[in-house]
Amino acid sequence: MAPRKSSYRPVPAGFFSAGTVAVARALLGKILVSQSPEGRTAGRIVETEAYLCDDAACHASRGETKRNRAMFGPAGRSYTYLIYGMYRCFNVVTGPKGVGEAVLIRALEPIEGFDLMAMRRGVAEPKALCSGPGKLVIALGIADLPDGSDLRKVPLMVAEERAEAVGPGAKVRGGAGTAAAAGIKVTTRIGISKDAHLPLRFYLEGSPWISRK
DNA sequence: AAACGGATGGGCT
DNA sequence: GCCCATCCGTTTG
């Protein structure tokens with residue numbers, strides 16, 4: 001039985017207003033839900049990276065430009081950019097208005113819309129669907145999401161971890177699958193050269209869905 | 001298992 | 001002209 005729409009609830013309005021590192025950690029375990037004409041796809045966030053205003057690897061570290069404008073806007077909006085001429089990476093904007101910070105979403109555990117994800121990605125292997133920032137953008141079909149989109153509404157929503165379907169035989173999910181229970185691992189960020197030593201990558205310990213060990 | 005190169009285009013010195 | 005917050009297929013050990 002397909003999950004009902006009501007099973008996804010956006011995170012509270014103030015969720016994104018915490019510090020960028022705190023949001024990067026809090027996003028682990030949350031659900032990213034993409035609603036498109038083709039159907040709904042969703043995945044559990046298992047890997048993130050924080051980009052700070054005084055951090056040389058951050059697109060916003062040298063001031064506001066046409067490209068990074070959304071990073072200086074209010075928290076809880078989207079910032080998506082083109083990388084290597086072929087892929088797009090999706091970020092959750094954080095920090096107060098006027099401060100350019102964001103959290104890169106690096107990997108998801110697919111939880112809904114496998115077939116649609118597989119078709120968009122051109123692969124069937126579940127582990128290959130969302131295990132990287134470029135991959136998950138393709139799988140969710142969000143490459144053309146306008147910068148500054150409100151992430152508490154369709155077409156792209158950050159939702160609370162979903163309670164399992166209610167009913168006879170429905171299995172109750174305890175803390176086993178939550179971020180807190182799994183534990184959060186901290187490492188340096190992937191694919192950058194500037195300020196590469198900073199411990200700003202976060203992932204759910206033991207998750208087989210992350211982009212890299 | 002790890003290393004490497006090609007694809008491909010915008011942003012910035 | 002060089003640098004990318006990447007991915008994938010191929011080569012090498």
Side-chain angles (χ1 to χ4, degrees), chain A residues 16 19-28 32 34 41 43 45-73 75 77-95 99-110 117-149 151 156 158 184-204 207-213:
Chain A
F16 302 102
T20 297
V21 167
V23 175
R25 303 179 73 114
L27 279 169
L28 296 176
L32 193 57
S34 171
T41 47
I45 298 170
V46 297
E47 180 181 348
T48 62
E49 283 178 359
Y51 287 86
L52 311 178
C53 61
D54 58 349
D55 149 23
C58 179
H59 290 172
S61 66
R62 269 165 296 189
E64 185 173 335
T65 66
K66 183 171 190 174
R67 174 175 72 151
N68 66 24
R69 185 171 334 282
M71 294 183 76
F72 291 85
R77 308 298 184 91
S78 65
Y79 166 58
T80 306
Y81 67 91
L82 178 69
I83 185 67
Y84 295 109
M86 313 187 65
Y87 299 100
R88 290 193 169 271
C89 292
F90 166 74
N91 295 257
V92 174
V93 172
T94 53
V99 176
E101 303 198 336
V103 174
L104 171 70
I105 307 301
R106 283 199 58 91
L108 306 175
E109 171 186 345
M117 288 185 184
M119 181 168 62
R120 287 168 170 160
R121 286 275 296 120
V123 296
E125 168 56 47
K127 293 258 182 50
L129 293 177
C130 298
S131 53
K135 297 179 190 178
L136 69 91
V137 162
I138 295 169
L140 295 190
I142 55 174
D144 297 323
L145 182 74
D147 275 359
S149 296
L151 297 176
L156 187 65
V158 176
I184 296 175
K185 197 87 172 168
V186 185
T187 73
T188 54
R189 294 170 293 182
I190 291 176
I192 59 166
S193 53
K194 296 176 260 184
D195 275 344
H197 65 284
L198 298 175
L200 293 174
R201 172 175 176 246
F202 309 91
Y203 64 88
L204 293 185
S207 173
W209 306 99
I210 62 176
S211 65
R212 284 173 50 176
K213 268 306 210 184

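Below, chain A is the first sequence line, B the second, and so on; all start at residue 1. Because the structure is predicted, anything quoted here is derived from the model rather than measured.
- We find that CG of A:Leu129 is positioned 14 Å from C1' of C:dC7, with the value rounded to whole Å.
- Rounded to an integer number of Å, the gap from A:Leu200 CG to C:dA5 P is 14 Å.
- Considering CG of A:Asp147 and CG of A:Asn68, their distance stands at 9.5 Å, rounded to 0.5 Å.
- When every heavy atom of A:Ala139 is checked against every heavy atom of A:Met117, the shortest pair comes out as O-CG, 3.7 Å.
- One can place CZ of A:Arg189 at 8 Å from C1' of C:dA5, the figure rounded to the nearest angstrom.
- The base of B:dA7 is not paired with the side chain of A:Tyr84 by any donor and acceptor separated by under 3.5 Å.
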Distances under 3.5 Å between protein N/O atoms and the N/O atoms of nucleotides 10-13 of chain B, please, pair by pair.
none

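- With rounding to the nearest 0.5 Å, the separation of CG in A:Asp55 from CD1 in A:Ile192 is 6.5 Å.
- C:dC4 atom C1' lies 16 Å from atom CG of A:Asp195, rounded to whole Å.
- Listed candidates were C:dC4, C:dC7, B:dT8. Nearest to the side chain of A:Pro133 is C:dC7.
- As rounded to whole Å, 14 Å separates atom P of C:dT6 from atom CE of A:Met86.
- Across all strands shown, B:dT8 forms no Watson-Crick or G-U wobble pair with both distances under 3.5 Å.
- Counting any heavy atom pair closer than 4.0 Å across all strands shown, A:Arg201 reaches no nucleic acid atom.
- Taking side-chain N and O atoms only, A:Ser193 has a distance below 4.0 Å to OP1 or OP2 of C:dC4.
- A side chain to side chain donor-acceptor pair (under 3.5 Å) with A:His59 is found for exactly one of A:Tyr79, A:Tyr81, A:Tyr51, namely A:Tyr79.
- Atom CZ of A:Arg121 is separated from atom C1' of C:dT6 by 11 Å (rounded to the nearest Å).
- With DNA chain C read from its 5' end, the first of the two nearest nucleotides for A:Ile190 and A:Ala128 is the one closest to A:Ile190.
- Residue A:Gly134 is in sugar-phosphate contact alone, with no base atom involved, counting any heavy-atom pair closer than 4.0 Å across all strands shown.
- Atom CG of A:Asp54 has more than 12 heavy atoms from other residues, nucleotides or ligands within 6.0 Å.
- C:dA5 atom C1' lies 12 Å from atom CG of A:Leu136, rounded to whole Å.
- When both pairing distances are held under 3.5 Å, C:dA5 makes no Watson-Crick or G-U pair with any nucleotide shown.
- Closest of all the heavy-atom pairs between A:Ile210 and A:Ala107 is CA-CB, 3.9 Å.
- Contact annotation for A:Lys213: no contact, since no heavy-atom pair falls under 4.0 Å across all strands.
- For the pair A:Lys194 and A:Val123, nearest-nucleotide mapping onto DNA chain C gives the more 5' position to A:Lys194.
- Between the CD1 atom of A:Ile138 and the C1' atom of C:dT6 there is a distance of 9 Å, rounded to whole Å.
- Note that CG of A:Leu204 is 4.5 Å distant from CG of A:Leu28, once rounded to the nearest 0.5 Å.
- Residue A:Leu104 places its side chain closer to C:dA5 than to any other of B:dA7, C:dA5, C:dC4.
- In summary, the side chains of A:Thr80 and A:Arg88 do not present any donor paired with an acceptor at a separation below 3.5 Å, with no hydrogens or angles considered.
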